[in-house]
Amino acid sequence: MGPSPSPPQPPPPLPATGRLLVLYASQTGNAMDAAERVGREAERGGCPAVDVLSMDSFDPSCLPGERSVVFVVSTTGQGDPPDSMKGFWRYLLKKDLGARWLEGLRFAVFGLGDSGYQKYNLPAKKIDRRLLQLGAEIIIEIGLGDDQHPSGYEGALDPWLLSLWESLNKANPSLLPRITDIINPNLNYLGDSKIEVIYYSCNDAPPDSVVSDSKKLIERARLMSPALKFHSDGEPQYMLKMVTNQRLTKEDYEKDVRHFELEDPSSAISYQVGDALEILPSQNPSAVNAFIERCNLDPDSYITIRAKGGDEVSNGSLLNGSMGRIKLSTFVALTMDVASGSPRRYFFEIMSHFATAEHEKERLQYFASPEGRDDLYQYNQKESRTVLEVLEDFPSVHMPFEWLVQLTPPLKKRAFSISSSPLVHPNQIHLTVSIVSWLTPFKRTRQGLCSTWLAGLNPNEENLIPCWVHKGSLPPPKPSIPLLLIGPGTGCAPFRAFVEERAAQSARESTAPILFFFGCRNEDNDFLYKDFWLKHAQDKGVLSLKEGGGFFVAFSRDQPQKVYVQHKIKEQSARVWNMLCSGAAIYVAGSSTKMPADVTAALEEVVRQKGGEAASGWLRKLERAGKFNIETWS
């Protein structure tokens with residue numbers, strides 16, 4: 001009798017050479033979407049193992065054990081890395097990591113940014129440089145996605161990915177044995193959705209699944225949404241009532257800018273000047289109902305959403321039993337942007353699998369292909385087509401709710417600079433908001449979801465606005481520091497708070513002056529807060545010339561030659577130079593297009609003319625000292 005057979009051994013672990021690791025750092029979800037696309041295409045190409053992970057869930061000390069890594073990195077604020085990248089980046093900067101620490105690792109970096117900002121794709125460029133310094137080898141040159149591109153970041157991602165797969169295949173053919181399936185994908189193959197939805201009838205919903213507290217209801221819905229990993233901050237900090245809704249621009253003027261006052265009648269609100277208020281807007285109930293009807297869903301049923309084969313876990317929270325159940329219509333209204341956000345290309349690819357009309361299937365497959373990218377951009381992004389509109393354009397498509405939950409753009413909070421001081425308004429927050437409206441190329445009127453909803457609220461009626469206060473990118477200045485403020489248009493919002501706060505401080509202590517440059521088109525049409533500025537520029541006000549400050553306005557369209565804030569800065573170069581010499585901090589706020597660069601150039605010119613200094617070096621020193629701050633928005 002021979003020896004008894006040994007028990008079967010588990011297969012050896014897959015060597016790192018056979019896996020592709022995709023690490024992403026995302027603030028709003030775009031980089032995660034791009035990273036998941038990298039992972040999907042690698043799997044389609046037969047890669048033996050693909051892992052797509054957020055940077056904050058990967059131990060950077062394990063990086064030397066990897067062989068092929070793709071980094072997908074977004075940009076936040078003024079060229080800052082996303083929160084999920086900060087710990088990873090700090091580790092890479094450790095001084096004891098030598099120039100050969102990552103020898104043997106091959107990498108590629110794709111950045112997502114906006115070339116309208118000065119520090120375009122800076123986090124991606126930094127990580128690309130640092131990996132090279134640590135001995136890693138580059139697979140292909142860094143890819144730079146640009147929101148300003150006609151096709152958004154995908155305009156750069158498409159060709160970059162093609163080069164990535166070709167380079168990886170050339171170096172290691174076994175990594176992508178079916179590379180032709182990436183280059184010429186089979187659009188008839190449908191993978192599994194990542195989540196499952198469990199339904200309960202309204203009769204099955206236990207009493208404790210019904211939540212009357214609106215804060216708790218918002219938290220429950222948004223914790224359950226897989227698309228809101230980067231947008232859930234728990235329950236709202238405040239439910240504020242709008243008490244003032246005032247138009248600041250002339251009634252017949254094309255731009256509608258409003259002054260909103262939001263109030264907590266029962267208690268003070270904790271905030272500082274320079275902070276931002278995030279608001280969760282309400283969707284139009286008729287749009288939510290139309291979406292539910294179009295998708296043949298039962299609005300009164302209760303649902304639980306969970307990862308495929310997993311527990312009721314989402315966004316790091318365990319939702320046990322009935323606590324994980326929510327009314328379907330409530331979930332849609334609070335988490336799925338059905339009538340404002342445009343779907344991504346992958347949405348059209350998945351739609352094509354559920355189209356029963358052949359002409360619709362062909363059109364959707366074309367939209368999802370590289371050849372159809374530009375036509376999809378014209379149909380979808382350029383027209384700001386919504387999920388509801390897209391579904392209505394393809395009536396034969398009936399997507400399962402699992403896929404809709406996974407792929408519908410999440411309902412995001414909108415952030416606004418606070419334009420009031422807590423010293424003056426302890427239980428109020430004021431906002432200065434441009435009501436967004438535009439015409440598409442096909443002359444369809446589109447409106448911003450949040451600003452339009454706020455503009456429609458009546459202060460005399462009951463209204464509650466879910467709000468979160470967040471630290472802004474403009475640090476609150478000390479009363480003793482002179483301020484040089486530049487804020488054209490709604491860029492004046494945070495500076496209204498600065499001026500209001502300093503005026504309150506000056507009533508009880510000695511304060512430094514403020515020099516403020518404001519800009520708008522016309523004195524009669526859009527001179528925002530005119531009376532407020534002029535009041536503080538008189539006599540001994542904080543903006544008065546007597547006190548060493550000043551208030552100067554550029555009306556760009558009130559004369560044949562356009563005049564902008566940068567021209568006023570040069571005109572007042574002596575005052576600007578005196579402020580800088582007295583230790584002033586510079587704050588710039590407003591549009592992200594050319595304004596910040598033009599203002600910086602004007603300041604550099606003043607420094608060169610008056611001080612003979614290396615201007616860019618002077619401003620860089622101020623920036624490093626935290627005394628040159630820019631906050632912009634698109």
Side-chain angles (χ1 to χ4, degrees), residues 273-274 417 419 421 474-506 509-520 523 527-556 563-590 595-596 598-611 613 615 618-619 621-623 625-632:
V273 297
S417 293
S419 54
S421 160
L474 301 177
K478 293 178 181 175
S480 58
I481 296 178
L483 300 180
L484 173 55
L485 310 179
I486 302 106
T490 53
C492 73
F495 304 143
R496 181 180 183 270
F498 280 30
V499 169
E500 190 173 65
E501 176 128 317
R502 186 147 295 187
Q505 290 166 337
S506 67
E509 62 183 300
S510 176
T511 58
I514 298 177
L515 179 58
F516 177 35
F517 292 93
F518 175 67
C520 61
E523 183 173 5
F527 190 171
L528 308 180
Y529 299 117
K530 175 180 179 179
D531 293 341
F532 175 87
W533 308 122
L534 295 180
K535 180 184 84 171
H536 288 289
Q538 289 172 359
D539 301 326
K540 292 194 173 185
V542 294
L543 293 175
S544 70
L545 296 173
K546 285 181 186 175
E547 294 297 306
F551 174 60
F552 299 95
V553 190
F555 300 112
S556 63
V563 176
Y564 296 113
V565 283
Q566 59 266 27
H567 301 125
K568 290 292 179 182
I569 289 169
K570 292 175 191 174
E571 276 180 22
Q572 300 298 326
S573 58
R575 293 185 194 279
V576 170
W577 178 243
N578 286 338
M579 288 291 276
L580 292 176
C581 290
S582 64
I586 304 171
Y587 290 84
V588 181
M595 185 274 293
D598 290 342
V599 164
T600 302
L603 291 170
E604 288 176 344
E605 187 176 319
V606 170
V607 173
R608 266 195 308 271
Q609 283 181 352
K610 298 293 182 181
E613 297 272 354
W618 172 290
L619 294 180
K621 280 181 195 171
L622 284 179
E623 190 174 2
K627 296 181 77 174
F628 186 14
N629 299 281
I630 300 176
E631 180 176 88
T632 59

So, taking the atom named CH2 in Trp533 and the one named CZ in Phe516, what distance separates them when rounded to the nearest 0.5 Å? 4.0 Å
Are the side chains of Phe552 and Glu571 in contact, using a 4.5 Å heavy-atom criterion? no
Using the ring of each side chain (for Trp, its six-membered ring), is Phe527 parallel, tilted or perpendicular to Phe551, with breaks at 30° and 60°? parallel
Heavy-atom check, side chain of Leu528 versus side chain of Cys520, under 4.5 Å: no
Could you tell me if the side chain of Val607 sits less than 4.5 Å from the side chain of Trp577, heavy atoms only? yes
Only one of Val599, Val576, Val588 passes side chain to side chain contact (heavy atoms under 4.5 Å, CB included) with Phe517, and that residue is Val576
Reported OG-to-NE2 distance for the pair Ser556 and His567, which is rounded to 0.5 angstrom: 10.5 Å
Test item: Val553 and Lys530 side chains (from C-beta on) under 4.5 Å apart, heavy atoms: no
Please walk me through it: do Ile586 and Leu619 pass side chain to side chain contact (heavy atoms under 4.5 Å, CB included)? CA-CA 9 Å; Ile586 304 171; Leu619 294 180; 4.0 Å; yes
Distance-minimising heavy-atom pair for Pro596 and Thr632: CG-CG2, 3.4 Å
May I have the step-by-step check of side chain to side chain contact (heavy atoms under 4.5 Å, CB included) for Thr511 and Glu547, ending in yes or no? CA-CA 10 Å; Thr511 58; Glu547 294 297 306; over 6 Å; no
For Gln609, side chain to side chain donor-acceptor pair (under 3.5 Å) partners two or more places apart: Glu605
When rounded to the nearest 0.5 angstrom, what is the spacing between CZ in Phe555 and OH in Tyr564? 14.5 Å
Given side chains that start at C-beta, do those of Leu603 and Trp618 come closer than 4.5 Å, heavy atoms only? no
Straight-line distance of Lys570 NZ to Gln566 CD, nearest 0.5 Å: 7.0 Å
Looking at Ala589 and Met595, what are the two nearest heavy atoms and their distance? O-CE, 3.6 Å
Measure the shortest side-chain to side-chain distance between Lys568 and Val563 over non-hydrogen atoms and say whether it is less than 4.5 angstrom. yes
Could you tabulate the donor-acceptor pairs under 3.5 Å formed by side-chain atoms of residues 476-505, not counting sequence neighbours?
| from | atom 1 | to | atom 2 | distance (Å) |
| --- | --- | --- | --- | --- |
| Arg496 | NH1 | Ser419 | O | 2.7 |
| Arg496 | NH1 | His430 | ND1 | 3.3 |
| Glu500 | OE1 | Ser421 | N | 2.8 |
| Glu500 | OE2 | His425 | NE2 | 3.2 |
| Glu501 | OE1 | Ser421 | OG | 2.6 |
| Arg502 | NH1 | Ile481 | O | 2.6 |
| Arg502 | NH1 | Ala512 | O | 3.1 |
| Arg502 | NH2 | Lys478 | O | 2.7 |
| Arg502 | NH2 | Ile481 | O | 3.2 |

Using distance only, find each side-chain donor-acceptor pair of residues 534-541 under 3.5 Å and give its atom names and separation, not counting sequence neighbours.
none

